[in-house]
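If you're wondering where the values come from, they're calculated on a predicted model, not measured in any experiment. Each chain gets a letter, A, B and so on, in the order its sequence line appears, and its residues count up from 1.
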Number of protein chains: 2
Amino acid sequence: MMDNSFYSEYWPQTTDLNQDSPFLHPQVPNINSFQLHNYPESFQGETASASRSHSEAEKRRRDRINAQLSTLRKLIPTSEKMDKAALLGSVVDHVKDLKGKTTEISKVLNTPTDIDEVTIEHLNEEENKGSASESKRKDNSVILKASFCCDDRPELFSELQRAIKSLKLTVAEADITSLGGRIKGIFLLCLSENSAKDVCMHSLKQSLRVVLCGIAISPSTSNYRIKSKRQRFFLPAQFS
Amino acid sequence: MMDNSFYSEYWPQTTDLNQDSPFLHPQVPNINSFQLHNYPESFQGETASASRSHSEAEKRRRDRINAQLSTLRKLIPTSEKMDKAALLGSVVDHVKDLKGKTTEISKVLNTPTDIDEVTIEHLNEEENKGSASESKRKDNSVILKASFCCDDRPELFSELQRAIKSLKLTVAEADITSLGGRIKGIFLLCLSENSAKDVCMHSLKQSLRVVLCGIAISPSTSNYRIKSKRQRFFLPAQFS
DNA sequence: GGGCACACGTGAGGC
DNA sequence: TGCCTCACGTGTGCC
C-alpha cells in the first residue's frame, strides 16, 4: 500500500542500476534508477523489509527473463531494435522454420531420433517360406537387415566391426548418419553360403541383437556426449 | 500518483478478466480482477482517461507478449508448467540445437541458402591451357559445372530442361536439393564433341548464365511460395 | 508464513 | 502532442 511518489522523494536517482545488467537491451531507458538497499531510516520496519525483498525478488525475476530474451536476440538475425513481442514473434517463426526443415530432412534421410533402439530383420525370409531347414536348401544366401540408434561415441565404429566380424557376417551395405550427438545405422549383413548351412537362423538373429544392444543401449560408461560437444555427420556411405 | 489500495475500494472484484485471454498460461492466478472502464465517477477527468488508455495499452502489450510466449510453449515439448524464464531458457536451447543440426547438415549436403545466385565454371579448363582454339584440338570434350540457388516452384524443372536442351548441352550429373521453399542445383553439363568444335566457349558460358539467371533470379511472377507452404526435398539424384 | 510467479498500473524516455 | 515500449514496485494466489 505504498505510493511511488512518496518513495521518490527519498530515493536518490543518481546511480544507474541498468549499467550493472549487461544483458539488458540498449533500448532500455534509465528510469527509476536507484540503489537497492538504500532505504531511508524511517522505512527499516518489518513491512518495509518485506516489501524490499519482494521488489528485489521481482527484479531478479525480470532480469532472468530479460537475460534469456537478450540471448534469444543474439540468436535471431536482424532482431536488433525489435520490441519484445516482435522478437518473440520472430523466434516463433524461426523455431517453426527450423523444425520444418529438420523434419523435412528426416523424412528422406536416415536421421537418428532421441530413442535408443535396435531392430533385426530377415530380408529374404518371404521368398524362403516354410521350415528353416527347407528354406536353406532352396537358397543358401542369408541377408539380415539390422538397424540401431543410440548416442554417438568415438569407439562405436570399431566395436561394431568387431561385433559383426565375430558373428562371421559381412557388410553388404551400410547407411550411417551421425547428427547432434546421436547416431543411426542401417546395415545389410550377409552370411556366406558355407557358413549359412551350419547356423541356426534364430540364434544368429538373437546373437546379433544381443551384441548390438550391448553396443547401443549400454550403460553409458563413455560420457562422450558430455566431454565433447563436437558433432559428427556422415553421409550415407559404404562401410566395408 | 495513485495508490492501488485506494482504487481497490472502488473497483469491483467480481468479473474475471483473465478468462477473456485464452492464451494465458493456466498457472496465471486470478488477481487484480476487475472490469476495465469501470472507474468511479470521480475519476472521469482528463488525466484519468489518459491514465486509463495508458493502462489499457499496457495490457494489450502484455497480452501480445504473452500470446507469443504461449505459442512458444506449444512448440517446445515438456514446457508445460515451466515459468517464463525457464520456458525462454529451453527455447534458447531448442534454437541452438536446431541451428546446430541444420548447419551440420548444410556442411555435407548441398543445401540451399537464402541468397539467389548462379555460377558457371569450366571444369576441364586447366588441362586445356592455352588459346581456346588450341585447347579444343587437344581435347574436344567440354564439361561445364553450373549451379543455381533460388526460390523453388513447380515449373522450375521443365524450364531447366528446356534451357539446357536449347544450348545443346546434356546433363552428366545433377545434385538438386529443395528445402524450405528454396532450391539449389549443381549440374555437370556436357557438350558433345561435334557440337563443341563449332561453338565459342565464352559465348556458351555467357548464354548459359543468361538462361539460368532468367530462371533463377526472374522477377517472381510465380508466387508459389506464398500459394503453397508445402516443401519439397530431393536427395542428390540423377537428372537425365 | 515465507517464497515464488504472475498481472497490474504507473512514470519516464523516444519518436 | 500522443502513443509506444520499457522497468519498476505492488497486490495477490499458490505451494
Side-chain angles (χ1 to χ4, degrees), chain A residues 1-11 13 16-21 23-39 43 46-67 69-70 73 81-88, chain B residues 1-11 13 15-21 23-39 43 46-67 69-70 73 81-89:
Chain A
M1 316 295 188
M2 300 174 187
D3 188 331
N4 279 334
S5 66
F6 183 55
Y7 277 89
S8 55
E9 295 179 14
Y10 288 87
W11 287 348
Q13 309 264 341
D16 185 5
L17 193 71
N18 287 332
Q19 290 182 351
D20 296 334
S21 309
F23 46 76
L24 284 180
H25 193 229
Q27 195 182 337
V28 172
N30 295 333
I31 58 171
N32 281 0
S33 307
F34 54 84
Q35 196 115 41
L36 291 175
H37 309 287
N38 196 0
Y39 285 67
F43 280 95
E46 207 170 287
T47 60
S49 94
S51 167
R52 184 182 59 182
S53 82
H54 183 23
S55 83
E56 284 173 1
E58 183 61 17
K59 166 136 192 69
R60 281 193 298 272
R61 174 179 165 274
R62 279 195 305 268
D63 286 351
R64 276 203 319 275
I65 294 173
N66 284 335
L69 245 31
S70 173
R73 192 169 257 119
K81 65 165 84 180
M82 274 184 186
D83 64 36
K84 286 184 181 179
L87 167 65
L88 290 175
Chain B
M1 314 295 188
M2 300 174 186
D3 189 332
N4 278 334
S5 65
F6 182 57
Y7 277 90
S8 55
E9 295 180 14
Y10 289 87
W11 288 348
Q13 307 264 341
T15 50
D16 185 6
L17 193 71
N18 287 332
Q19 289 181 352
D20 297 334
S21 307
F23 46 75
L24 282 181
H25 194 230
Q27 195 182 336
V28 173
N30 296 332
I31 58 171
N32 280 0
S33 306
F34 54 82
Q35 196 117 40
L36 289 176
H37 309 286
N38 196 359
Y39 284 67
F43 280 95
E46 206 170 289
T47 60
S49 93
S51 168
R52 184 183 59 181
S53 81
H54 182 22
S55 83
E56 283 173 1
E58 184 61 18
K59 165 137 191 67
R60 281 193 299 274
R61 175 180 163 272
R62 280 195 305 267
D63 285 351
R64 275 204 316 279
I65 294 174
N66 284 336
L69 245 29
S70 174
R73 191 170 258 119
K81 64 165 85 180
M82 273 184 186
D83 64 37
K84 288 183 181 179
L87 167 65
L88 290 176

Side-chain donor/acceptor contact of B/H54 with base of C/dG11 under 3.5 Å: yes

Atom pair CZ (A/R73) and NZ (A/K81), whose distance is rounded to the nearest 0.5 Å: 12.0 Å

Side-chain N,O (A/K59) to OP1/OP2 (D/dA7) below 4.0 Å: no

Side chain B/R64, main chain B/K59, donor-acceptor under 3.5 Å: no

Nearest-nucleotide 5' precedence on DNA chain D, B/S53 against B/I65: B/S53

Check: B/R62 side chain, C/dG9 base, donor-acceptor under 3.5 Å: yes

Duplex segments of DNA chain D, taken as runs of at least three Watson-Crick or G-U pairs that stay under 3.5 Å: C:2-15 with D:2-15

Length of the NZ-C1' vector between A/K84 and D/dC8, whole Å: 11 Å

Rounded distance (Å) that lies between atom C1' of D/dT5 and atom CG of A/N66: 12 Å

Residue B/R61, side-chain heavy atoms: nucleotide from D/dC6, D/dA7, C/dC8 that is nearest: D/dC6

C/dA5 OP1/OP2 closer than 4.0 Å to side-chain N/O of A/R64: yes

d(CZ, B/R60; C1', C/dG9) in whole Å: 14 Å

Donor-acceptor pair under 3.5 Å, A/E58 side chain vs C/dC4 base: no

d(CG, A/D63; P, C/dA5) in whole Å: 13 Å

Shortest non-hydrogen contact between A/L69 and A/L87, atoms and distance: O-CD2, 3.6 Å

Pairing residues for B/R61 by the side chain to side chain donor-acceptor pair (under 3.5 Å) criterion, not counting sequence neighbours: B/E58

From B/E56 atom CD to B/S51 atom OG, the distance as rounded to the nearest 0.5 Å: 9.5 Å

Gap between atoms NZ and P, on A/K81 and D/dC6 respectively (whole Å): 14 Å

Phosphate OP1/OP2 of C/dG9 contacted by B/S51 side-chain N/O (<4.0 Å): no

Nearest to side-chain heavy atoms of B/D83, which nucleotide of C/dC6, D/dA7, D/dT10: C/dC6

Flag side-chain contact, heavy atom, 4.5 Å: A/L88 against B/L88: yes

